[in-house]
Amino acid sequence: MSNTVYLDYHTAKPVDPRVLDEMMPWFTERFANPSSLHRDGDLATEALEASREKVAQFVNADNDEIIFTSGATESINLAIIGYMMKNRKRGNHLIISEVEHISIHNIAKYLERLGFNVSKVPVDQYGRVKLSKLERRVTDKTILISIQYANNEIGTVQNIQEIGEFANERGIAFHTDAVAAEGLVPINVERDNINLMSISSNDIYGPRGVGALVMRKRYRVNPVMIGGGQERGLRSGSEDIPGIVGMAKAAEIMQSEMDDEVRRFKAWRDRLIREVLSIIPDAHLNGHPTDRLASNAHFRFEGVEGEALLLSFKDKGISVSTGSACSSKTLEPSHTLISTGLLHEEAHDSLQLTIGRFTKNEDIDTVLKALPEIVGKLREMSPIYKGR
Ligand code: PMP
């Protein structure tokens with residue numbers, strides 16, 4: 001990396017070297033297509049099915065409930081568009097939350113153009129969905145509720161089990177975007193009452209460009225990718241065997257190391273939150289104080305633009321973020337922060353620090369050392385900061 005400290009793990013993660021080792025032979029020596037009937041094709045099929053089993057185990061699903069895709073965005077498209085299209089005779093109403101990832105908001109707009117109705121459930125000041133608010137949006141035409149497992153910006157974890165139960169009791173299907181949560185929260189589709197779930201490989205240190213839709217047995221979707229009929233006709237296109245093998249290896253490693261990893265992250269996250277809030281005046285924590293991802297510390301510093309903070313960190317060789325990478329090149333404030341009740345100018349004053357597998361203790365030391373000085377300097381130049 002060109003920078004010495006990287007605390008932007010929610011935006012992108014490196015591929016674990018153990019994952020890369022597992023993938024390499026499938027690029028060069030064992031490159032056959034699993035659709036081929038020769039011995040080499042059989043080997044590819046075996047790898048595909050063994051990978052399916054590992055990913056299924058990771059989320060406590062059955063093997064035939066895993067559909068490999070090209071990543072989270074495609075899984076989400078297949079889940080939401082696919083489910084709404086397949087089941088439109090039963091109803092045309094979808095409910096999502098205000099803090100969903102931009103991909104889900106854009107899918108909702110697309111579905112509205114096709115004649116579906118979409119409702120958005122608001123969240124509280126921590127970014128959490130309340131069942132009472134969800135209840136008010138349910139109609140007899142509601143067929144799908146899609147609510148994220150955890151937020152990719154502020155790290156708030158939803159009470160997914162309760163939301164899943166709420167949906168299932170009413171005969172409504174429940175999809176969750178588990179991209180931000182996977183590898184940080186133990187996911188169990190059976191326990192959590194999840195019917196459809198989108199996951200990606202990179203978020204568990206696998207390669208980018210691979211993901212999966214977990215689709216429980218009684219649920220059906222229309223394909224959104226039409227072609228040669230791979231993945232039981234639900235995701236056509238020759239399977240990316242190296243990528244899929246990589247995702248499975250990443251899931252296997254994550255399953256055995258997650259507990260230790262999460263414990264390590266929590267100590268760093270809590271240290272970051274504790275020290276930042278005590279050392280820097282007029283600093284606030286965004287997101288839930290306790291029900292948050294172990295990797296996520298998200299702050300707001302009054303009178304300090306997040307972009308200016310990010311550039312000051314950049315000068316010091318430290319990679320951090322102001323929010324979602326997918327919308328970071330626009331001047332719009334984060335829709336998630338606005339949904340939690342922040343004003344536009346407050347939402348712009350935010351900084352996101354996210355920890356990952358290769359974070360070191362010294363990285364946290366470096367950031368904690370740099371931050372008070374950077375915030376102080378920017379406040380000195382700020383025409384609006386009136387604090388101490
Ligand atoms: N959902 C969430 C919560 C995300 O953070 C992202 C982006 N990493 C996506 C969906 C889309 O993922 P991708 O760009 O990998 O398809």
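As the structure lists them, so they are numbered: ligands from 1, and atoms in each ligand from 1. Only heavy atoms go into these numbers, but all of them, side chains included; no hydrogens, no water, no symmetry mates. Just so you know, these numbers come straight off a predicted model, no measurement behind them.
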What are the atoms of ligand 1, with element, lying closer than 4.0 Å to any heavy atom of Asp177?
1 (N), 2 (C), 3 (C), 10 (C)
Passing option when Val121 is tested against Ile96, Val99, Ile163, Val129 for side chain to side chain contact (heavy atoms under 4.5 Å, CB included)
Val129
Relative to ligand 1, is Ser200 under 4.0 angstrom through side chain, backbone, both or neither, heavy atoms considered?
neither
Do the side chains of Arg216 and Glu190 get close enough for a salt bridge, i.e. N-O under 4.0 angstrom?
yes
With respect to atom 16 (O) of ligand 1, which of Thr73, Val210, Thr69, Ile104 exhibits the smallest heavy-atom separation?
Thr73
Distance-only N or O hit between ligand 1 and His10, under 3.5 Å
no
Which residues pass the side chain to side chain donor-acceptor pair (under 3.5 Å) test with Glu135, not counting sequence neighbours?
Arg170
State plainly whether the residues Lys249 and Asp16 are in salt-bridge range, i.e. N to O under 4.0 Å.
no
For ligand 1, which atoms, with element, lie under 4.0 Å from some heavy atom of Asn152?
3 (C), 5 (O)
Ligand 1 atoms in contact with Ile76 (distance to a heavy atom under 4.0 Å):
10 (C)
Is ligand 1 less than 4.0 angstrom away from at least one heavy atom of Asn202?
no
Could you check whether the rings of Tyr83 and Tyr219 sit parallel, tilted or perpendicular, using 30° and 60° as the cut-offs?
tilted
For the residue pair Met84 and Ile143, establish whether any side-chain heavy-atom pair is separated by less than 4.5 Å.
yes
